[in-house]
There are 2 protein chains.
Amino acid sequence: MRPTVHDIAAEAGVSLATVDRVLNARPGVRRKTVDKVQAAVERLGYVRDVSAANLAKKRTYPLVFILPEGPNSFMRGLEAEIRAAMQRSPVERTAIRIETVPPFDPAAIVGVLDSLDPAEVNGVALVATDTPDVSAAVDRLVDRGVHVATLVSDLPGSQRIHFCGIDNLAAGRTAGGLIGRFCNGRAGKVLVVAGSMKLSDHMDRASGFAAVLRSEFPDLEIVGPVETNDDADTVRQAVTAALDAETEIIAIYSLGAGTRGLIEALPDREQRKLAVVAHEVTEHSRQALAEGLFDAVINQDCGHEVRSAIRVLKARADGLMPISAQERIRIDIFLKDNLP
Amino acid sequence: MRPTVHDIAAEAGVSLATVDRVLNARPGVRRKTVDKVQAAVERLGYVRDVSAANLAKKRTYPLVFILPEGPNSFMRGLEAEIRAAMQRSPVERTAIRIETVPPFDPAAIVGVLDSLDPAEVNGVALVATDTPDVSAAVDRLVDRGVHVATLVSDLPGSQRIHFCGIDNLAAGRTAGGLIGRFCNGRAGKVLVVAGSMKLSDHMDRASGFAAVLRSEFPDLEIVGPVETNDDADTVRQAVTAALDAETEIIAIYSLGAGTRGLIEALPDREQRKLAVVAHEVTEHSRQALAEGLFDAVINQDCGHEVRSAIRVLKARADGLMPISAQERIRIDIFLKDNLP
DNA sequence: CTGTTAGCGCGTTCAA
DNA sequence: TTGAACGCGCTAACAG
């Protein structure tokens with residue numbers, strides 16, 4: 001039988017209230033009493049029953065998600081998952097609010113971050129641009145006692161407690177390995193299309209990709225990365241222009257969004273055979289895979305990311321450590337053959 | 001504010017005890033009273049607070065895992081994950097017992113299944129051979145009121161409530177897509193090595209693989225599948241023999257275990273270039289990937305599978321539906337470039 | 001058949 | 001600085 005506060009109280013020779021004060025690090029207890037209680041906790045191996053505590057406190061976890069607005073399918077999918085989590089709020093004791101900001105706008109993110117009231121918010125998960133001002137705003141919020149987790153794209157220099165997303169360096173390496181093998185010995189150029197180098201996920205993917213090509217497939221030369229701000233029309237124009245200009249392009253790695261534009265720019269399979277790898281399963285990329293326009297799509301499960309963010313933020317609010325393996329977001333690789 | 005049993009009692013004009021009886025479908029309540037209470041539940045949108053209920057009941061969930069003994073690395077990894085879950089038992093209110101049985105021995109599984117006491121066991125997760133006797137034993141257990149989930153390999157005809165594992169047909173298709181692309185237009189033969197056709201996961205992988213080769217890569221011809229009972233020495237002998245006999249083999253798909261034997265049988269990369277795809281990241285396969293002996297490894301996260309089995313079995317014991325997307329086990333694809 | 005009451009493990013008044 | 005007592009939402013005796 002697991003020990004309870006009663007057992008601790010008896011063991012330490014004090015009352016329940018005193019045990020509670022010590023356990024919750026509240027003031028008004030003599031140093032010696034604190035030691036006695038802590039010794040009893042150690043001795044009996046006490047672990048607090050979080051659900052009983054939450055019941056007594058009628059606790060809810062007020063959480064805020066910050067993500068970019070706009071037509072980006074992936075971000076809208078992410079938002080849908082957050083809304084699904086809001087549906088479960090009564091059961092999970094969460095109170096989730098969504099704040100959307102213009103994409104690629106660090107100042108807007110900073111504005112939201114600074115407007116948050118630590119008294120009303122327990123944790124924040126955000127999709128951030130990796131810029132110094134956002135990093136600083138995150139640190140300010142953490143200093144004010146709010147736990148912050150990054151979502152999808154990390155903020156490596158900041159005080160965020162956790163990154164809920166894939167290892168984007170490994171994702172880029174994977175793309176490199178796939179494209180290298182799909183080209184299978186042919187020499188030529190590979191066009192790399194990115195959204196914005198202000199995003200650390202795009203940065204990481206680009207460098208992982210370049211590293212693998214350099215070390216394993218030296219016959220493939222990178223063109224780009226071209227920046228498109230994840231805008232479909234820009235992607236279409238950029239890809240069309242590049243394919244016209246460079247006839248030696250035999251593969252494309254699209255590491256950002258705007259996938260619809262990429263599809264529109266792709267020439268007939270018969271005319272010109274290109275190995276194509278893109279990111280995120282959306283309506284568009286799914287169809288492109290099925291039609292054989294794309295060879296592979298690298299995906300991150302945004303449902304998992306959202307649930308993970310909630311678990312991590314809640315655990316942290318309770319001062320617990322989450323199961324780390326459970327929070328590792330996998331790099332999914334989809335071919336037309338294993339599309340879910 | 002979420003409604004409580006008190007609110008229901010007031011709304012229905014009855015006492016707490018009666019509400020409790022109705023909510024838990026216990027006998028001794030007049031039909032009319034039941035209806036009144038249920039109407040109040042509907043009207044107020046009541047949902048029971050499971051953690052409060054568990055607190056009051058001091059509930060624990062006694063669970064049994066059945067899996068094959070023996071040297072199979074994957075199964076040992078699975079067992080390690082179950083033991084990790086046992087460590088969390090006090091927090092998760094579980095009481096987990098592991099039963100091991102000789103591999104490929106349906107009778108042994110049936111023996112364990114039939115020996116289980118419904119009064120002492122709440123749910124069972126098992127790695128099963130897909131044979132009629134096991135299926136029947138599962139059905140008998142379900143009839144006696146115990147929830148059963150299959151783990152890793154499914155039992156499609158049975159009354160199991162859930163399958164905790166990957167879509168093995170899709171996994172086989174993925175392997176087919178990868179091998180087809182890695183061979184890249186070359187014609188030749190592909191050796192398929194399996195453990196046992198008594199396992200539905202092996203069956204499914206083999207057929208998914210064959211389907212993709214037939215429809216998308218007609219220049220590749222399948223040799224096998226050869227059955228090895230997942231024994232490394234048998235695998236080594238079978239692969240060596242096949243490679244000697246058939247000089248046109250340009251690829252190998254190993255869809256079962258015994259990966260060490262496969263590695264030992266593989267000729268020098270320089271001598272004979274083979275595209276190799278295997279299953280499950282283990283110490284051996286990891287090294288083979290790193291050295292370039294394997295091109296890809298398809299993996300299932302057994303930690304996720306174990307946690308999922310526990311969640312599903314617990315949820316079912318409480319009469320709840322789990323978040324289905326969370327319980328979908330992903331098909332992981334590892335290249336040397338994205339090895340974790 | 002139905003209602004009253006005392007906990008489950010913990011947090012939080014209010015007195016002492 | 002400490003302790004007693006009540007309540008969180010629910011279940012389980014025990015009466016009636």
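To find a chain, count down the sequence lines: A is the first, B the second, and so on, and within it residues start at 1. Just the heavy atoms: all of them, side chains too, but no hydrogens, waters or symmetry mates, feed the values below. Just so it is clear, the structure is predicted and the values come from calculations on it, not from any experiment.
Note on A/Glu99 versus A/Arg97: salt bridge recorded, some NZ/NE/NH1/NH2 to OD/OE distance being below 4.0 Å. A salt bridge is absent between B/Asp318 and B/Lys314: the closest approach of a Lys/Arg side-chain nitrogen to an acidic carboxylate oxygen does not fall below 4.0 angstrom. Between B/Arg330 and A/Asp301, at least one side-chain N (NZ, or NE/NH1/NH2) sits under 4.0 Å from a carboxylate O, which counts as a salt bridge. The existence of a salt bridge linking B/Arg43 and B/Asp7 is excluded, since no basic side-chain nitrogen approaches an acidic carboxylate oxygen closer than 4.0 Å. Salt bridge A/Asp20/A/Arg26: present, at least one basic N to carboxylate O contact under 4.0 Å.
For DNA chain C, the outermost nucleotides in 5' to 3' order that have an atom under 4.0 Å from a heavy atom of chain B are C/dC1 to C/dG9.
The side-chain heavy atoms of B/Leu313 and B/Ile161, taken from C-beta on, include a pair separated by under 4.5 Å. Side-chain atoms of B/Arg93 and A/Ser51, non-hydrogen and from C-beta on, do get closer than 4.5 Å to each other. B/Arg48 places a side-chain heavy atom less than 4.5 Å from the side chain of B/Asn24.
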Exercise for the section: May I have the step-by-step check of salt bridge (charged side-chain N to carboxylate O under 4.0 Å, His left out) for A/Asp114 and A/Arg140, ending in yes or no? Expected result: CA-CA 8 Å; A/Asp114 282 337; A/Arg140 277 197 298 279; 2.9 Å; yes
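With the nearest nucleotide of DNA chain C identified for both B/Thr18 and B/Leu55, B/Thr18 has the one nearer the 5' end.
Checked by atom type and distance alone, the side chain of A/Ser200 pairs as donor or acceptor with a backbone atom of A/Asp154 at under 3.5 Å.
Taking the C1' atoms of five terminal pairs at each end of the helix from C/dC1-D/dG16 to C/dA16-D/dT1, the two resulting helix axes are inclined by 50°, rounded to 10°.
In this structure, CZ of A/Arg31 is placed 13 Å from P of D/dT1, rounded to the nearest angstrom.
At D/dC10, none of the side-chain N or O atoms of B/Lys58 fall inside 4.0 Å of OP1 or OP2 (strictly under the cut-off).
Within 4.0 Å (heavy atoms only), A/Ser51 reaches no atom of the nucleic acid at all.
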Problem - nucleotides 11-16 of chain D: protein proximity per nucleotide (B base, S sugar-phosphate only, - neither; heavy atom, under 4.0 Å) - result: SS----
